[in-house]
There are 2 protein chains.
Amino acid sequence: MNSDFTLAIHSLTLLALQPGRMATSDVISESAGVHPVRIRKVLSLLKRNGFIKSKEGTGGGFIFAIDLSEVNLWDLYKITCKGTLQPKCPESNEQCIVGANMHKVLFTIFLGAEEHLGEFLKEYSLKEVVDLINQER
Amino acid sequence: MNSDFTLAIHSLTLLALQPGRMATSDVISESAGVHPVRIRKVLSLLKRNGFIKSKEGTGGGFIFAIDLSEVNLWDLYKITCKGTLQPKCPESNEQCIVGANMHKVLFTIFLGAEEHLGEFLKEYSLKEVVDLINQER
DNA sequence: CTTACTGTAATGATAAACGTTACAGATTGA
DNA sequence: TCAATCTGTAACGTTTATCATTACAGTAAG
């Protein structure tokens, strides 16, 4: 699983816990333990998809653009790592019945698998994640 | 997704299509487009789990040990890439509420996700895969 | 006893993931 | 207007994971 996905969840959770206030990539990166540039890259994606807003310059940073309960983990998965489940087959032998057709068969199966995973991830909105974090305290 | 998983499926499908006959790692590797040693490594795993038998020496190779319909994709997933779904979090900041607890929360969620995926993969026995390959011809 | 296999360790090459530097553009406040 | 503080992104370097390859011991057949 792509770590962009978990970084997205982590960042948004942090934003959720300080509603109305901007968080800088430095602050978020310190919490997540990665480089600020990676945070900006991931949040740049989230911004393009309308989940957050950003502001440059002094006092700038990132802030939620929509309601917590409107974002679920499947949304984030789709943005950050769609296709991760899809197995990367090496180029197999087209002369062989198995080699020639395995790729297509697996592709179909894993498309279904990802959709199935989606049904599970849709059940978790960021609100649920935030609640779970709060429970851990 | 780990390619060991697809190699396992590929190899077993090939074995399934020539029941009663041994297949060498060379033949399988040619079909799958990878190095024979990789095939032997993956099949070594499958052997340890009782799905196939192997025989060394002239005329040796690999052959099914159980019935096609007794092996499903979840079995193979568990052997070859259990935990793949689990996101690798970088070590986050323990001083931060989010950093300190995110790992545990995500772990729980993804454990559920993998189980959910399992329910889907259990629906595909190797027999189904073989049938799909045959349909493609 | 040679040939044809599996089994596995060890090493090397390639690719993906990630960190880091660098700098342009935006905004604020002095 | 100028310095300080942010985002946004490209470019480059480093580390890690994946995979190929070599090497060789062990086993079975003829």
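Just the heavy atoms: all of them, side chains too, but no hydrogens, waters or symmetry mates, feed the values below.
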Hey, does A:Lys47 reach any base, or is it just sugar-phosphate, or nothing, if we go heavy atoms under 4.0 Å?
sugar-phosphate
Specify the separation, in whole Å, of atom CD of B:Glu56 and atom C1' of C:dT3.
15 Å
Atom CG of A:Leu43 and atom C1' of D:dT7: how far apart are they, to the nearest Å?
10 Å
Here the distance between atom P of D:dA23 and atom NE2 of B:His35, to the nearest Å, is 11 Å
Testing A:Val37, A:Leu43, A:Val42 for side-chain contact (heavy atoms from CB on, under 4.5 Å) with A:Ile39, which one passes?
A:Leu43
Could you check how far CG of A:Leu46 sits from C1' of D:dG8, rounded to whole Å?
14 Å
To the nearest Å, give me how far apart CD1 (B:Ile63) and P (C:dT6) are.
13 Å
Would you tell me whether A:Ser92 and A:His103 have side-chain atoms, one donor and one acceptor, within less than 3.5 Å of each other?
no
Is the closest side-chain donor-acceptor distance between A:Thr24 and A:Asp26 under 3.5 Å?
no
If you check the B:Ser25 side chain, which of C:dT6, D:dA11, C:dC18 turns out closest?
C:dT6
Does B:Arg40 reach a base, just sugar-phosphate, or nothing at all? Heavy atoms under 4.0 Å.
base
Given atom CD1 of A:Ile39 and atom C1' of C:dT20, what is their separation to the nearest angstrom?
15 Å
Nearest-nucleotide pick for A:Asn2, side chain only, options being D:dA20, D:dT22, C:dC18
C:dC18
Distance in angstrom units between B:Arg38 CZ and D:dT18 C1', rounded
7 Å
Please report, rounded to the nearest Å, how far the P atom of C:dG25 is from the NZ atom of A:Lys55.
20 Å
Go through C:dC5, C:dT20, C:dA9 for me and flag the one nearest to the B:Val37 side chain.
C:dA9
Nearest-nucleotide wise, let me know which of A:Gly59 and A:Ser44 is further upstream toward the 5' end of DNA chain D.
A:Gly59
Return yes if the base of C:dT3 and the side-chain atoms of B:Thr58 contain a donor-acceptor N/O pair under 3.5 Å, otherwise no.
yes
Looking at A:Ser3, does any N or O in its side chain come under 4.0 Å of the phosphate oxygens OP1/OP2 on C:dC18?
yes
Base, sugar-phosphate, or nothing: which does A:Gly61 touch, judged by heavy atoms less than 4.0 Å apart?
sugar-phosphate
Counting heavy atoms from C-beta on, name the nucleotide in D:dT22, C:dG7, D:dC6 closest to the side chain of B:Ser54.
C:dG7
For A:Phe110 and B:Leu73, what are the C-alpha separation, side-chain angles and deciding distance, and is it a side chain to side chain contact (heavy atoms under 4.5 Å, CB included)?
CA-CA 11 Å; A:Phe110 280 88; B:Leu73 296 193; 5.5 Å; no
Students often get this wrong, so: under 4.0 angstrom with heavy atoms, is A:Lys53 touching a base, only sugar-phosphate, or nothing?
nothing
Heavy-atom closest contact (B:Cys81 atom, B:Phe5 atom, distance)
SG-CB, 3.7 Å
If you check the A:Phe62 side chain, which of C:dT8, D:dG8, C:dC18 turns out closest?
D:dG8
